[in-house]
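Contents: one structure, followed by commentary.
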Amino acid sequence: MTQGISIVIIDSDADILSSISKCIKGLGDGATVDGVSTSFETGFELIHKKKPMVVIMEVNSANLDLYIERIGTILGRFPRVSLFALCDDKSSDTILKVMRAGATEFLLKPLSEVDLVSALQKVGRLWIQSPPAEAETGRIYTFFSPKGGVGVSTLAINTAVNLYEITKKSTLLVDLDLEAGDVNTFLDMNPTYTISDVTANMTRLDRTFLQSVITKHKSGIYVLAEPQRIEDIVGVSADDIRKVLGLLKTMFRYIVVDTEAGLNESSTAALEMSDMILLTFVMSLPGIKNMQKYLNYFVRLGIRKDKINLVVNRYLSKGDIKIEDAERILKHTIFTSIPNDHGSAIASLNKGVPLNEFDPKSKLSQAVKELALSLTRRDRQGG
Ligand SMILES: Nc1ncnc2c1ncn2[C@@H]1O[C@H](COP(=O)(O)OP(=O)(O)OP(=O)(O)O)[C@@H](O)[C@H]1O
Ligand SMILES: [Mg+2]
């Protein structure tokens, strides 16, 4: 007897069939692949024979009309089937045609596990024990600085991209710089939904809703973007941020938060919720003095010292103040130092691409990769 949601998959690419099947197997008893086929005709017979709840079918945009017709053929004959269209094109025209043909879900190739699980959950016939076990212990890394312009966004964004590249585990970047966030610019994105769509709908807050307002970037990371309009910032409370981050922790393995300089309600909430705080500063006497004040403040807030990682950005090895000097004054080890590399930083920003895509060999790109690697090492050690 089949268990959970029964699924038939039709895709002309055998590799895709096997990777989706593998992914579904990993979900446990919640879903079962009842059959796969590289041809529509055999797939159709399979649907007839197996009566699956869900059909995942490729929709090739180069021959859209044919696939729209196929959707119609399946749903005409098996109207109770939930049809997930697996498409290679996300233009609004294609999405509209596919959804009008009756598809339940529009999934983009290459299919990610998070998208698949979320779509299966929406089918709602069975509660899949999801997200997969390892995602239930997501880790929140918040980049924060008392002062503006020190490179918090650059480091947060590129750390997220590297965490995903290194681990291939679901990674989300949250732009909590609500007023002046610039993740969209850094990553050349124009998302339909932003964090204000989440906080304006707190009563609907659940995984499915959150999933629907999160945008995928072509690097593979997911992004919860900053509000597009100043007037949308209203009413984002610390409590909202706590709830949203708490839920995100059950959906993503890594959550990297970019914050606005200086403390406010939402960044304080994020700092409290964080598994690791990446406290960022540049090496100068005022910078160090400021750090000292904040380190003391974090102690008073009850934040454990080992949760705080000091990050020196734009470090000049020939500068007046050495790492050891700062460590001695602050009585805190420096987690990492990122070299000053204005050329790469500004060029990747202006191009709207992550550092490792712009110039993976640059000093800056290598240093951020090293930072992400250190975080994964700590993660493995349970830190
Ligand atoms: N390691 C670095 N070397 C040289 N320039 C850098 C480095 N890191 C960031 N920058 C540059 O510093 C500027 C500010 O960076 P970024 O926007 O990341 O800082 P921020 O702390 O997020 O600022 P804001 O307070 O405006 O949010 C950008 O022009 C960026 O390209
Ligand atoms: Mg910033």
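Predicted model, so just to flag it, every value in this text is computed and none were measured. Every heavy atom of this structure was used, including side-chain atoms; hydrogens, water molecules and symmetry mates were not. Just so you know, ligand 1 is whichever comes first in the structure, and atom 1 is the first atom listed for that ligand.
Only the side chain of N313 comes within 4.0 Å of ligand 1, counting heavy atoms alone; its backbone N, CA, C and O stay farther away. The proximity of A180 to ligand 1, defined as any non-hydrogen pair under 4.0 Å, does not occur for either the backbone or the side chain. Residue contacts with ligand 1 for D258 are absent, since no atom lies close enough (heavy atoms, distance under 4.0 Å). Proximity of L364 to ligand 1, defined as any heavy-atom pair under 4.0 Å, is confined to the side chain (atoms from C-beta onward). Neither the backbone nor the side chain of F281 comes within contact range of ligand 1; no heavy atom lies under 4.0 Å.
Between F40 and F44, the ring planes lie tilted relative to each other; the angle falls in the 30° to 60° range. Under the 30°/60° scheme for interplanar angles, the aromatic rings of Y141 and Y254 are found to lie parallel.
G149 N, 3.6 Å is the protein heavy atom nearest to atom 24 (P) of ligand 1. Annotation: atom 18 (O) of ligand 1 to nearest protein heavy atom, T154 OG1, 2.5 Å. The single protein non-hydrogen atom nearest to atom 28 (C) of ligand 1 is L349 CD2, 4.3 Å, given as residue, atom name and distance. Protein heavy atom in closest approach to atom 3 (N) of ligand 1: D341 N, 2.9 Å. What sits closest to atom 27 (O) of ligand 1 on the protein, heavy atoms only, is D177 OD2, 3.6 Å. The protein heavy-atom contact nearest to atom 11 (C) of ligand 1 is R314 NH2, 3.8 Å. Considering only non-hydrogen protein atoms, atom 29 (O) of ligand 1 sits nearest to I346 CD1, 3.3 Å. Here the protein heavy atom with the shortest distance to atom 31 (O) of ligand 1 is A345 CB, 3.3 Å.
Side chains of N162 and T159: no donor on one and acceptor on the other come within 3.5 Å. In summary, the side chains of T142 and S274 do present a donor paired with an acceptor at a separation below 3.5 Å, with no hydrogens or angles considered. Checked by atom type, the side-chain pair S118/D115 shows no donor-acceptor distance below 3.5 Å. Under the 3.5 Å distance criterion, with hydrogens and angles disregarded, a donor-acceptor pair is assigned to the side chains of T94 and D89. At a cut-off of 3.5 Å, with distance as the only test, no side-chain donor of S21 or S18 sits close to an acceptor on the other residue.
Residue N340 has at least one heavy-atom neighbour below 4.0 Å for each of these atoms of ligand 1: 3 (N), 4 (C). For ligand 1, the atoms lying closer than 4.0 Å to a non-hydrogen atom of G148 are 25 (O). Close approach to V152 involves these atoms of ligand 1, each under 4.0 Å from a residue heavy atom: 18 (O), 19 (O), 20 (P), 21 (O), 22 (O). Using a 4.0 Å cut-off to heavy atoms of F186, the atoms of ligand 1 that qualify are 17 (O), 18 (O).
The shortest N or O to N or O distance between S153 and ligand 1 is below 3.5 Å. At least one N or O atom of P339 sits closer than 3.5 Å to an N or O atom of ligand 1.
In plain terms, the two heavy atoms of L364 and A345 that are nearest each other are CD2-CB, 3.6 Å.
Using a 4.5 Å cut-off on side-chain heavy atoms (C-beta onward), F281 and V150 make no contact.
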Q: Test K322 against D325 for salt bridge (charged side-chain N to carboxylate O under 4.0 Å, His left out), laying out the working first.
A: CA-CA 5 Å; K322 301 278 178 272; D325 302 329; over 6 Å; no
Q | Trace of the salt bridge (charged side-chain N to carboxylate O under 4.0 Å, His left out) decision for E58 with K109 | A | CA-CA 9 Å; E58 98 178 292; K109 276 185 179 177; 3.7 Å; yes
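Listed for the S365 side chain is no donor-acceptor partner under 3.5 Å among the backbone atoms of K361.
Taking backbone and side chain together, S153 holds an N, O or S atom under 2.8 Å from the Mg ion (ligand 2).
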